[in-house]
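Take a look at the structure below.
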Protein chains: 4
Amino acid sequence: MPEDHNILDLLLDDQEQVTEKQKKILEAAVEIFSEKGYASTSTNEIAKKAGVAEGTIFRHYKTKKELLLSIVAPTMTKLIAPFIINDISKVLNTDYDRFEDFLRAVIENRRKFAKDNMTMIKILIQEIPFHPELKEQFMKNIGKKIFDRFTIVFEHYQAKGQIKKMPAESSLRLIGSTVIGYLMARYMIAPDFDWDDEQEINRMISFIMNGINAE
Amino acid sequence: MPEDHNILDLLLDDQEQVTEKQKKILEAAVEIFSEKGYASTSTNEIAKKAGVAEGTIFRHYKTKKELLLSIVAPTMTKLIAPFIINDISKVLNTDYDRFEDFLRAVIENRRKFAKDNMTMIKILIQEIPFHPELKEQFMKNIGKKIFDRFTIVFEHYQAKGQIKKMPAESSLRLIGSTVIGYLMARYMIAPDFDWDDEQEINRMISFIMNGINAE
Amino acid sequence: MPEDHNILDLLLDDQEQVTEKQKKILEAAVEIFSEKGYASTSTNEIAKKAGVAEGTIFRHYKTKKELLLSIVAPTMTKLIAPFIINDISKVLNTDYDRFEDFLRAVIENRRKFAKDNMTMIKILIQEIPFHPELKEQFMKNIGKKIFDRFTIVFEHYQAKGQIKKMPAESSLRLIGSTVIGYLMARYMIAPDFDWDDEQEINRMISFIMNGINAE
Amino acid sequence: MPEDHNILDLLLDDQEQVTEKQKKILEAAVEIFSEKGYASTSTNEIAKKAGVAEGTIFRHYKTKKELLLSIVAPTMTKLIAPFIINDISKVLNTDYDRFEDFLRAVIENRRKFAKDNMTMIKILIQEIPFHPELKEQFMKNIGKKIFDRFTIVFEHYQAKGQIKKMPAESSLRLIGSTVIGYLMARYMIAPDFDWDDEQEINRMISFIMNGINAE
DNA sequence: CATGAATGAGCCTTCATTCAT
DNA sequence: GATGAATGAAGGCTCATTCAT
């Protein structure tokens with residue numbers, strides 16, 4: 001499973017030509033969007049923080065919205081990156097004997113991602129409801145893909161007798177809620193609280209494992 | 001535990017004098033705010049949808065923001081209403097022998113609330129991050145109150161030997177995530193999906209009860 | 001020569017029916033107009049200060065401008081009241097042997113008027129340039145009348161050999177400037193300065209008398 | 001004593017960068033402010049008269065008020081420019097043997113200034129009462145400075161035995177009123193009247209000289 | 001006669017976007 | 001490629017005036 005740190009860096013590698021200025025623009029945009037929201041951020045403000053002329057923004061991004069999308073779309077992709085490894089069942093056979101091990105690996109992996117990219121995830125969460133294209137892309141690409149992969153994994157471990165029968169929708173939702181709830185509390189709502197991550201994650205995994213194996 | 005339906009109605013009862021026009025303004029604002037977000041909604045648009053002159057909005061609410069707050073503040077209050085019954089331990093002794101029964105009652109109660117007030121809850125969630133006063137009020141009034149009540153309840157049932165020891169923070173987060181995750185999936189993300197609520201709730205309660213009683 | 005104190009009172013006597021409310025409105029309007037200027041004063045503000053409903057203002061005065069005129073027009077009239085006594089030459093023969101006595105009487109009379117009505121005079125001065133009707137009325141009624149009367153008076157004392165020959169325009173302007181300059185300094189620009197009125201007036205009269213009698 | 005013609009030109013020279021558009025805006029603003037008053041002038045109107053977009057005004061002046069101040073503040077400075085020559089007593093010794101000569105020079109100088117800048121002076125006079133910062137700046141900078149210089153001058157000629165003893169406040173007020181009265185009549189109240197400036201100024205100087213030397 | 005809710009035109013200001021330099 | 005002056009539509013808000021009660 002690949003290590004990905006701050007998306008902004010990856011994001012800049014993806015595109016062929018990235019001026020120093022363009023990088024400054026993206027950094028400024030990410031920071032202000034996350035702080036005040038897309039609609040309440042002016043391009044003038046971004047330009048100032050980035051140290052470029054307002055016109056320069058529009059040389060790189062046709063519209064303000066395109067700037068937003070250039071941030072949000074890659075974030076969405078990276079968000080599910082670990083779930084779209086092609087031959088996931090092989091991974092499972094090879095690396096993780098038990099569902100619990102798999103779960104722990106995924107949680108740790110996404111925790112790192114969340115930690116490194118919280119500002120961009122915030123923007124993603126805030127803006128999805130207001131941009132139908134984003135919503136649709138999210139539902140179709142992200143939601144569906146995760147669901148499909150998860151189903152394979154889930155059935156894999158059910159076949160192994162490690163998990164009781166339950167519809168994938170429900171189990172995914174229950175597990176997803178628990179993990180996402182933790183990550184949001186940890187990195188969005190109360191990042192300054194004194195967290196004992198190891199213990200919390202153990203507790204969470206135990207909660208999930210027992211929860212889905214209720215008799 | 002009180003029945004509360006659509007807040008908008010209660011909201012209108014709270015204030016002594018509520019013109020027909022004012023009601024129209026509130027309804028229109030709630031709908032458009034929830035659809036496009038506060039910052040992207042123009043007062044002109046609200047006025048048109050409400051069928052009043054733009055000036056009329058400002059006769060009732062000094063600023064656009066005051067209009068937002070007049071919607072969001074009561075929503076916050078009603079959101080936690082069931083948790084601020086004064087003598088909650090009595091309620092527990094009298095009404096709910098088992099933690100599971102209590103949990104089921106709370107879930108059902110908040111599910112009704114969520115169902116009736118999803119538009120306003122959406123606005124609340126969207127706007128809290130961008131309005132420090134709201135954030136603070138939420139943290140202090142809502143967060144703290146719920147946590148305190150929950151701790152009493154939790155220790156009540158722990159004393160009865162029904163629940164294993166676990167810090168209230170963690171258990172509240174785990175239970176909260178699960179329930180909120182369900183309500184958001186149910187009424188925000190996929191309200192049109194064909195839900196079997198009874199089964200999902202049973203599954204969720206079983207998930208939680210087993211989860212927190214892991215040995 | 002008649003004694004007239006605060007115009008507002010006279011103003012109210014002139015009109016047949018003056019409600020208590022109407023008086024309140026006028027008082028409020030005078031105060032705020034003088035403080036912030038006509039254009040920057042809102043009828044809402046006047047209504048609040050007067051303790052009446054905004055509609056009440058428009059019951060008594062068709063428009064905001066009519067309210068202004070109802071204040072300014074009488075002020076203009078009273079301002080020149082002492083100069084339109086019909087048989088002024090009789091007055092002169094009877095009451096004032098010397099031009100200096102006449103001058104002193106006029107100064108003292110207008111000083112009292114200025115003292116009692118400075119707020120309204122301020123409004124008059126401020127608004128005249130922006131309302132052609134006022135300007136015209138001022139020029140025609142006030143300016144002309146004063147000039148005519150002054151000419152009679154001036155020639156009266158010239159005939160008596162008390163004053164040297166000089167065009168009435170010039171002498172009126174020189175005397176008028178001196179007196180008005182004093183009254184404005186005294187009651188508008190530096191009313192809080194510690195004035196010795198008697199001495200200043202003596203000095204001014206001496207200045208004028210010597211000035212116009214230059215050889 | 002320096003020659004200064006229309007302030008607007010000087011005003012534009014003062015600032016390094018003055019777009020053609022900015023000049024148009026200033027010209028338009030000066031004209032309309034003077035005609036209708038600051039409060040009754042809309043930025044839209046200024047923009048139209050200047051032939052620019054309304055937004056352009058706010059690119060150069062953050063607010064409408066800043067536009068006003070950018071006109072009024074320099075006017076105030078230029079208004080007293082001739083009085084703040086550093087070594088004024090030298091000027092007196094060198095250039096003007098008699099007070100009368102000095103007086104005549106000042107009058108002529110300020111007459112030219114008034115003639116060239118009457119619109120801006122009008123605005124200054126109209127707006128000072130309603131903007132406390134202006135009032136204060138006027139009192140402190142302008143009023144005080146003129147008074148101080150005048151006192152020096154006055155005492156200079158008193159020492160020479162050309163003028164009788166009189167408090168500087170009074171004499172300045174008497175002389176100032178006379179001169180200002182003339183300039184206002186000449187250029188504000190009745191500019192279209194057929195003035196014989198030479199004669200009027202002679203008359204005025206004779207009026208003042210005799211007035212202050214009353215025995 | 002008095003009220004004050006309602007109006008809608010108009011105000012100052014902001015903002016994404018364009019384009020000549 | 002980068003700039004920033006210029007644009008003009010749109011935004012939030014104010015205000016004189018009307019009118020049903």
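Because the structure is predicted, anything quoted here is derived from the model rather than measured.
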With nearest nucleotides of DNA chain F determined for B:Asn44 and B:Arg59 from heavy-atom distances, which residue corresponds to the more 5′ nucleotide? B:Asn44
Which residue, D:Gly51 or C:Tyr38, contacts DNA chain F at a nucleotide closer to its 5' end, judged by nearest heavy atom? D:Gly51
The residue, B:Ala53 or A:Lys65, whose nearest nucleotide of DNA chain E is more 5′ is B:Ala53
Mapping D:Lys62 and C:Gly55 onto DNA chain E by nearest heavy atom, which one lands closer to the 5' end?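 Between the two, 5'-proximity favours C:Gly55.
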Check whether any side-chain heavy atom of D:Phe33 lies under 4.5 Å from a side-chain heavy atom of D:Thr119, and answer yes or no.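 When only atoms from C-beta onward are counted, D:Thr119 and D:Phe33 do not touch, as no gap falls below 4.5 Å.
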Just so I know, are the side chains of D:Leu68 and D:Glu127 near enough to count as touching, which here means a heavy-atom distance under 4.5 Å?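 They are in contact (side-chain heavy atoms under 4.5 Å apart), so the answer is yes.
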Do C:Lys21 and C:His60 get their side chains close enough for a donor-acceptor pair, meaning under 3.5 Å? no
For [X] and [N], what is the distance between atoms [atom1] and [atom2] respectively, to the nearest whole Å?
X       : N      : atom1 : atom2 : value
B:Lys48 : E:dG8  : NZ    : P     : 12 Å
D:Ile25 : E:dC12 : CD1   : P     : 14 Å
A:Ile57 : E:dC19 : CD1   : C1'   : 16 Å
C:Lys23 : E:dA2  : NZ    : P     : 16 Å
B:Phe58 : E:dC12 : CZ    : C1'   : 14 Å

Phosphate OP1/OP2 of [N] contacted by [X] side-chain N/O (<4.0 Å):
X       : N      : value
B:Thr43 : F:dG11 : no
C:His60 : E:dA2  : yes
D:Ser42 : E:dG10 : no
B:Lys21 : E:dT7  : yes

Euclidean distance, A:Met120 CE relative to A:Leu26 CG, rounded to 0.5 Å: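 Taking CG in A:Leu26 and CE in A:Met120, the distance rounds to 7.5 Å.
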Please say which of D:Thr63, D:Asn44, D:Ile25 ends up in a side-chain contact (heavy atoms from CB on, under 4.5 Å) with D:Ile57.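 So, applying the side-chain contact (heavy atoms from CB on, under 4.5 Å) to D:Ile57 and each of D:Thr63, D:Asn44, D:Ile25, only D:Ile25 qualifies.
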Pairs under 3.5 Å (Watson-Crick or G-U), crossing ones as [ ], inter-strand ones as |: DNA chain E comes out as .||||||||||||||||||||
Looking at D:Glu136, I want to see if its CD is surrounded by more than 12 non-hydrogen atoms of other residues, nucleotides or ligands under 6.0 Å.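 No, not enclosed.
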